[in-house]
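Values below: every heavy atom of this structure, side chains too, minus hydrogens, waters and symmetry copies. Quick note: residue numbers are just sequence positions, from 1.
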Amino acid sequence: MANRTSSSPRRTHRFRPRLIRGTAAIIGISAALILAACSGGSSGTSSTGSTASSGGVVTFAETPEGQPTWILPFYSGEFFTIQEQGWFESMMWPPLFNQANGQSPVVSYAHSLGNQPVYSDNGTVVTLTLKHWKWSDGKPITTRDIMFWLNLLKANKSQWADYTPGQFPDNVTSIKVVSPYEIVMHLDKSYGPAFFTGNELSQITPIPQHVWDKTSASGAVGNYDETPAGARAVLSFLQSQAKNLKTYATNPLWQTVYGPWKLAGYTLTGKVTFVPNKNYSGPAKPKISQFVEVPFTSFDAEYDALRAGDLTVGDIPANDIDTISEIKALGYNVAPWKVFGFNSLFINFNNPTLGPAFRQLYIRQALQYLINQPLQISKVFSGYAQPDYGMVVNGPASLEGAEPNAYAYDPAKAKSLLAAHGWAVHPGGVTTCAHPGTGATECGAGIKAGFPLTINLLIYSGAVQQQVAMTSYKTVAATVGINIKLVNNVNVFAASPACTASQADCSWQLSDWGGGVYTPPNGYPVEAGYTDCGGNNNHENYCDPAQDKLDATAAAGGATTADYNAWEKFISLQLPMLWQPNSDFEVLAVKKNLVGPIPANTTLSVFPESWYFTK
C-alpha cells in the first residue's frame with residue numbers, strides 16, 4: 001500500500017527496502033482530503049476446518065513487474081528484495097536460522113537447520129550446531145556446507161548485499177570446525193545474542209558444497225573455495241549460471257536443495273512452479289502438491305484474476321478496497337499483511353542548498369508536526385496502516401514501546417518553532433530567514449538572511465496514493481510558508497543516494513522512497529545503518545556520534561532492554577528522517593478453503609509448506 005523500492009546497497013544488513021504491491025494503485029480520494037489535511041481496515045481469518053487434505057495447487061500472485069530473476073542465494077543489492085529471497089530463494093535454500101508460518105517475526109529454531117546458538121566468554125565466542133538434515137539428493141548437510149558459503153563470502157565480500165566493513169564476517173576473528181555438525185566462532189568483541197544472531201549469523205545460508213564447488217559446468221567438484229582465488233572462481237561460475245534464467249528449472253545445480261520446495265518450472269515472464277522436496281528434513285512437510293507464483297504486468301490484471309477466482313492467494317489494490325465485501329462473497333478471506341519495519345520521508349542532510357537547514361533539529365521538528373498521520377491512515381490508507389514514530393512498527397513485544405509520539409500533528413507548533421528561531425513566517429507564501437546566526441533565537445549555522453524554505457520532495461511517478469498523501473502534506477506546509485514542490489520520478493530510491501555535497505547526484509532534498517522491513521537476514525533493528533555515520537544505507541547522510549554510541553551499546557554484549565530503548569527513543573526524537581504511517585504491505589485475499597496464509601508473517605516471507613486445503 002506504500003511505496004517500497006526493490007533493492008538497496010545498504011550499510012548493514014538490518015533493513016530491506018520493500019518492493020511493494022500497489023505502488024501504482026489509484027485510490028478514489030476527493031479534493032476534500034487535501035482540504036481536510038489543513039485543519040479501519042477489514043480483516044478475516046483463514047478457514048479453521050479440522051480436516052486437512054493432501055494435494056491441491058496454490059496460485060500466489062507475484063508483485064506486478066516484480067517477478068524473481070536471481071536464483072543464487074548469494075546476491076548483490078540489485079536482487080536484495082522480498083520477492084527474490086522470501087518468495088523464491090528461501091523456498092529452496094532457507095537461511096540457517098529460519099522463521100515459521102504465522103505472524104511472528106522471530107526465529108523458529110524448530111523450523112531451522114541451526115540449533116539456537118550458544119554464546120560464551122562474555123559474548124565473544126559463539127557455538128553453532130546443526131541438526132542432522134539432508135540435501136534433496138540424500139547427502140547430509142554438514143558444517144562443510146556452512147564453510148563453503150562463508151568462504152565464498154570472505155573472498156567476495158564486496159559482491160554481497162549485506163556486507164558492511166567491520167561487521168560480518170570481519171568481526172569473526174577465527175572459526176574452528178569441531179565436527180560435521182559443530183562450528184565455534186571467536187568474535188572481535190562482546191556482542192548481544194539478539195543482535196549477533198538476528199543480524200550477523202542470520203546471513204548464513206547453507207549451500208551444497210558437494211555440488212556447487214566447481215569453476216565450470218564441465219569441471220569436477222573440488223575444494224576450490226578453500227583459497228580466495230578459488231572461491232572467487234567458484235562464485236563467478238555460479239553467477240554465470242544464475243544469469244541464465246532459461247535454465248532455472250533444468251540446471252542440475254538448482255535441483256539440489258534443502259528447503260521444503262524444489263523448482264519444477266520457470267518462465268521468462270516470471271511464472272514459478274514449486275513442488276515438494278520429498279527429502280525435506282524439516283518439521284513442516286508440504287501438503288499441497290504445487291505452489292505456483294503467477295506474474296502480472298499490472299495491479300488491475302492481478303485484481304481481475306482474483307475476481308475471476310484464478311488466484312488462491314492475491315491482494316486487493318488500494319483503489320478497490322471498497323470491494324472487500326464483494327471479494328469475500330466470491331469465497332475469499334481478507335486480512336491486512338502488516339509489516340515489521342518502518343516508513344519515512346528521507347532527508348538529505350548533505351544537500352548543498354538545504355543541508356544547513358535540515359541539520360537544525362527544530363526545522364525537522366517543524367516538518368514532522370505537519371504530517372497528519374491519523375488523517376492519512378483513515379483517508380489515504382483506508383485504515384490499513386499504523387502510526388509510525390520511529391524505527392520499529394509491528395515488532396515483537398520486546399522491541400516495542402520506547403518510541404514517544406512527541407511530534408503529533410500540530411501546524412501551530414511548527415509555525416511557533418520557525419518564528420522562535422528567527423524566521424519570517426509567510427502563510428501561503430514562502431517563509432524566509434529574517435535573523436541569521438547561531439543564537440537560540442536565530443536561524444542556525446549556514447543559513448543566510450532571506451534564505452527561503454522551499455523543498456523539493458521526490459515521489460514515484462504514477463503512485464496516485466502517494467501523490468494524494470504528499471499533496472496533503474504540501475498543502476499543510478503551505479499554511480506555515482514552507483513551499484514543498486512534488487517532483488515525480490520513476491525510481492525515487494535510485495534518485496536518492498548517499499552522497500557528498502559536491503556530487504551532482506546530491507541535489508535531492510526530501511524523498512519518499514519508502515521504508516524498510518526487518519526480514520532475514522535482517523532480524524534486529526539495532527545498527528540498521530540508516531542512521532549510523534557513514535553507513536552504506538544512510539541515504540540521508542545523517543551523522544550524530546551520540547547515536548552511534550547508543551547504537552553500539554545496544555548491540556554490545558550484555559546489552560539490556562534499557563540500552564535498546566535508549567537508542568530507539570533517541571532516534572525517534574532526533575528525527576534523522578520524518579516519520580509517516582507504516583502502511584500494510586497489502587490487503588491479502590485468500591481462498592476460504594486454504595489454511596495458513598492468514599495471519600501473514602510480518603517479515604513478508606511466505607511458508608506454503610505449512611499451508612493446506614480443508615476437505
Side-chain angles (χ1 to χ4, degrees), residues 5 7-12 14-15 17 77 164-166 342-368 390-391 418 421 423 431-433 436-438 442-448 450-459 470 477 482-487 489 491-516 527-551 570-580:
T5 58
S7 60
S8 170
R10 305 170 308 159
R11 171 197 180 276
T12 66
R14 317 306 160 237
F15 268 104
T164 300
F342 79 100
N343 195 21
S344 67
L345 301 179
F346 284 81
I347 301 167
N348 186 359
F349 286 81
N350 279 354
N351 179 268
T353 302
L354 277 165
F358 286 149
R359 287 191 283 274
Q360 308 301 317
L361 176 59
Y362 77 87
I363 291 283
R364 306 197 299 275
Q365 291 171 331
L367 290 169
Q368 185 68 63
M391 300 293 287
L418 295 173
H421 287 84
W423 293 81
T431 290
T432 57
C433 175
T438 58
E442 295 173 330
C443 300
I447 302 175
K448 298 180 179 180
F451 181 83
L453 281 182
T454 296
I455 303 172
N456 292 331
L457 170 55
L458 291 176
I459 61 174
M470 292 302 98
I482 298 178
N483 179 26
I484 293 179
K485 298 180 178 180
L486 302 183
V487 180
N489 192 290
N491 191 339
V492 175
F493 174 75
S496 313
C499 56
T500 60
S502 61
Q503 294 176 317
D505 58 2
C506 215
S507 61
W508 72 275
Q509 297 174 349
L510 198 60
S511 173
D512 191 12
W513 64 255
E527 293 199 347
Y530 285 98
T531 56
D532 297 342
C533 296
N536 289 348
N537 204 31
N538 189 338
H539 287 235
E540 67 274 25
N541 308 295
Y542 172 79
C543 183
D544 188 332
Q547 188 284 147
D548 282 9
K549 183 177 180 180
L550 288 168
D551 201 49
F570 181 91
I571 290 296
S572 178
L573 295 176
Q574 288 298 307
L575 299 172
M577 52 193 79
L578 301 178
W579 314 121
Q580 61 178 340

[X]: what forms a side chain to side chain donor-acceptor pair (under 3.5 Å) with it, not counting sequence neighbours?
X: E540; result: none
X: W579; result: none
X: S344; result: none
X: T431; result: none

Quick one: list whatever passes side-chain contact (heavy atoms from CB on, under 4.5 Å) with [X], sequence neighbours left out.
X: A495; answer: L458, N489
X: C433; answer: W423, P436, C443, I447, F451
X: L361; answer: R364, Q365, Q574
X: K485; answer: T454, N456, N483

Nearest 0.5 Å, please: how far is [atom2] in [Y] from [atom1] in [X]?
X: C506; Y: N348; atom1: SG; atom2: CG; result: 4.0 Å
X: L578; Y: S511; atom1: CG; atom2: OG; result: 11.0 Å
X: I363; Y: I455; atom1: CD1; atom2: CD1; result: 7.5 Å
X: T438; Y: Q360; atom1: OG1; atom2: CD; result: 9.5 Å
X: M470; Y: I459; atom1: CE; atom2: CD1; result: 8.0 Å
X: D512; Y: F493; atom1: CG; atom2: CZ; result: 13.5 Å

Heavy-atom closest pair, residues [X] and [Y]:
X: A501; Y: P352; result: O-CG, 3.8 Å
X: I571; Y: P576; result: O-CD, 3.3 Å
X: L345; Y: M577; result: O-CB, 3.4 Å

* Check ring pair (Phe, Tyr, Trp, His ring centres under 6.0 Å) between F570 and all other residues, then give those that pass, not counting sequence neighbours. => none
* To do: Could I get the full list of ring pair (Phe, Tyr, Trp, His ring centres under 6.0 Å) partners for F358, not counting sequence neighbours?
  =>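 Not a single residue meets the ring pair (Phe, Tyr, Trp, His ring centres under 6.0 Å) criterion with F358.
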[X] side chain vs [Y] backbone, donor-acceptor pair below 3.5 Å:
X: Q368; Y: L575; value: no
X: Q547; Y: C543; value: no
X: N541; Y: C499; value: yes
X: N538; Y: D532; value: yes
X: D548; Y: C533; value: yes

* Asked: Pairs in or reaching into residues 350-359: which pass side chain to side chain donor-acceptor pair (under 3.5 Å), with residues at least two apart or in two chains?
  -> none
* To do: Check whether any side-chain heavy atom of L457 sits under 4.5 Å from a side-chain heavy atom of V487, and report yes or no.
  =>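 When only atoms from C-beta onward are counted, V487 and L457 do not touch, as no gap falls below 4.5 Å.
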* So, do H539 and W513 have ring centers that fall under 6.0 Å from each other? ->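 H539 vs W513: aromatic centres under 6.0 Å.
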